[in-house]
Amino acid sequence: MIILALDTAGVDCAASVYDSSRNTVLGEASDMIGKGHAEHLMGIVDRALDQAGVQLSDVERVAVTIGPGSFTGIRVGVAAARGFALSLGVPAVGITTLAVMAEAERERSPGRQVLAAMDAKRNEIYLQAFDADGTPLDEARAVTVEDAQAFAASFHGVVTGSATPLLRPDATGEHSNHFPISIVARLAAAADPSSGKPKPLYLRGPDAKPQAGFAIARV
């Protein structure tokens, strides 16, 4: 199955073409642009397709990161994924950025549980825990820094993402929300195409307050 994966949820504008039957990335393109995803995305897709040596008509599934992340960027990516899927008559699936971050960390730290944590500013963290096999242990949510720190103190797995220094003060090195676009495509190969059209995952609105009473499955 040929999968076209898109990511516009953060500062990157990225696309990947992946052949799931051979577990092979055929082509990919990514630019760190910060803003202006709508103007750049089609060019990024063309570059990935050219590198892969396939036509858009060869794509059998479209995948897109649905957030959390940039409000505008997420909308651009989801709209593009839906448009491609409709014109090609193929399924489109949404993959959360937290799931992609966790999968990237699982590749670096196999056999470990992963806590994906993005610094959402405003004293909030986007947070979700995953088991060692990638299964989510709870829903993605926005919580206060204090609630996230309380959970992280008893979490025995690996923490990944830009909020890592807030949760593990002894963490060293650079911590960001970046990930290879190819991981989005690989996760999409295992996703359920009957789950409906991808929708943006907004964990808070412009005026939303941090959630209280944070609870997550403990294993």
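This one's a predicted model, so the numbers in the text were calculated from it and none came from an experiment.
- In this structure, the side chain of D131 does not engage the main chain of D133 through any donor-acceptor pair within 3.5 Å.
- When all heavy atoms of P91 and P193 are compared, the closest pair comes out as CB-CB, 3.7 Å.
- Residues Y202 and V64 fall within the same hydrophobic cluster, defined by Ile, Leu, Val, Met, Phe, Trp and Tyr side chains chained together at heavy-atom separations under 4.5 Å.
- Distance alone, capped at 3.5 Å, places no donor-acceptor pair between the R141 side chain and the Q128 backbone.
- Among all heavy-atom pairs drawn from V159 and A117, the shortest one is CG1-CB, 4.4 Å.
- Under the 4.5 Å side-chain heavy-atom criterion for Ile, Leu, Val, Met, Phe, Trp and Tyr, I95 and L6 are members of the same hydrophobic cluster.
- In terms of heavy-atom proximity, A188 sits nearest to A63 at CB-CB, 3.3 Å.
- Following chains of ILVMFWY side-chain contacts shorter than 4.5 Å, one can reach L187 starting from V90, so the two form part of one hydrophobic cluster.
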Derivation of the side-chain contact (heavy atoms from CB on, under 4.5 Å) call for D119 and E124: CA-CA 7 Å; D119 186 355; E124 289 180 296; over 6 Å; no
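- Distance check: L98 CG to Y126 OH gives 9.5 Å after rounding to the nearest 0.5 Å.
- Under the 4.5 Å side-chain criterion, counting only non-hydrogen atoms from C-beta, M101 is not in contact with H178.
- Considering only residues two or more places apart in sequence or on other chains, R82 meets the salt bridge (Lys or Arg N to Asp or Glu O under 4.0 Å) condition with none of them.
- For the side chain to side chain contact (heavy atoms under 4.5 Å, CB included) criterion with V17, the lone passing option out of L49, V45, I3 is L49.
- Side-chain contact between V114 and T160 is present, with at least one heavy-atom pair separated by less than 4.5 Å.
- Sequence neighbours left out, the pairs with a member in residues 56-69 that pass side-chain hydrogen bond (donor to acceptor under 3.5 Å, both in side chains) are D7-T65.
- Residues in residues 43-56 take part in these side-chain hydrogen bond (donor to acceptor under 3.5 Å, both in side chains) pairs, two or more places apart or across chains: D31-R47.
- When every heavy atom of T164 is checked against every heavy atom of A171, the shortest pair comes out as CG2-CB, 3.8 Å.
- Considering every non-hydrogen atom in both A129 and F155, the closest pair reads CB-CE1, 4.1 Å.
- Between atom OG of residue S70 and atom NZ of residue K35 there is a gap of 9.0 Å, rounded to the nearest 0.5 Å.
- At least one side-chain heavy atom of L167 sits under 4.5 Å from a side-chain heavy atom of L115.
- The pair E103-R108 does not meet the salt-bridge criterion, since no charged nitrogen lies less than 4.0 angstrom from a carboxylate oxygen.
- In this structure, A15 and A48 approach most closely via the heavy-atom pair O-CB, 3.8 Å.
- Side-chain N or O atoms of S20 include none that pairs as donor or acceptor with a backbone N or O of N23 at under 3.5 Å.
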Full working for side-chain contact (heavy atoms from CB on, under 4.5 Å) between M118 and S162: CA-CA 5 Å; M118 298 172 62; S162 58; 4.3 Å; yes
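- Using a 4.5 Å cut-off between side-chain heavy atoms of Ile, Leu, Val, Met, Phe, Trp and Tyr, with links allowed through other members, I125 and V158 fall into different hydrophobic clusters.
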Full working for side-chain contact (heavy atoms from CB on, under 4.5 Å) between I66 and K199: CA-CA 6 Å; I66 58 173; K199 299 178 181 179; over 6 Å; no
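- Here the CG atom belonging to L26 is positioned 5.0 Å from the CD1 atom belonging to I2, to the nearest 0.5 angstrom.
- By the 4.5 Å heavy-atom criterion applied to side chains, C13 and L41 are counted as neighbours.
- Under the 3.5 Å distance criterion, the side-chain polar atoms of S109 are left unmatched by any main-chain donor or acceptor of R112.
- T8 contributes atom OG1, which lies 8.5 Å from atom CD1 of I33 (distance to the nearest 0.5 angstrom).
- Contact check for E146 versus N123: side-chain heavy atoms found under the 4.5 Å cut-off.
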Trace of the side-chain hydrogen bond (donor to acceptor under 3.5 Å, both in side chains) decision for D19 with T24: CA-CA 5 Å; D19 185 347; T24 301; over 6 Å; no
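- The shortest distance between side-chain heavy atoms of V143 and F151 does not fall below 4.5 Å.
- Hydrophobic cluster membership is shared by V76 and V62, with clusters built from Ile, Leu, Val, Met, Phe, Trp and Tyr side chains linked at under 4.5 angstrom.
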Criterion side-chain contact (heavy atoms from CB on, under 4.5 Å) on S21 and M1, from CA distance to verdict: CA-CA 6 Å; S21 65; M1 177 172 55; over 6 Å; no
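- In this structure the side chain of E107 reaches within 4.5 angstrom of the side chain of R186, judged on heavy atoms.
- Side-chain contact between V184 and Y18: absent, with no pair of heavy atoms (C-beta onward) separated by less than 4.5 Å.
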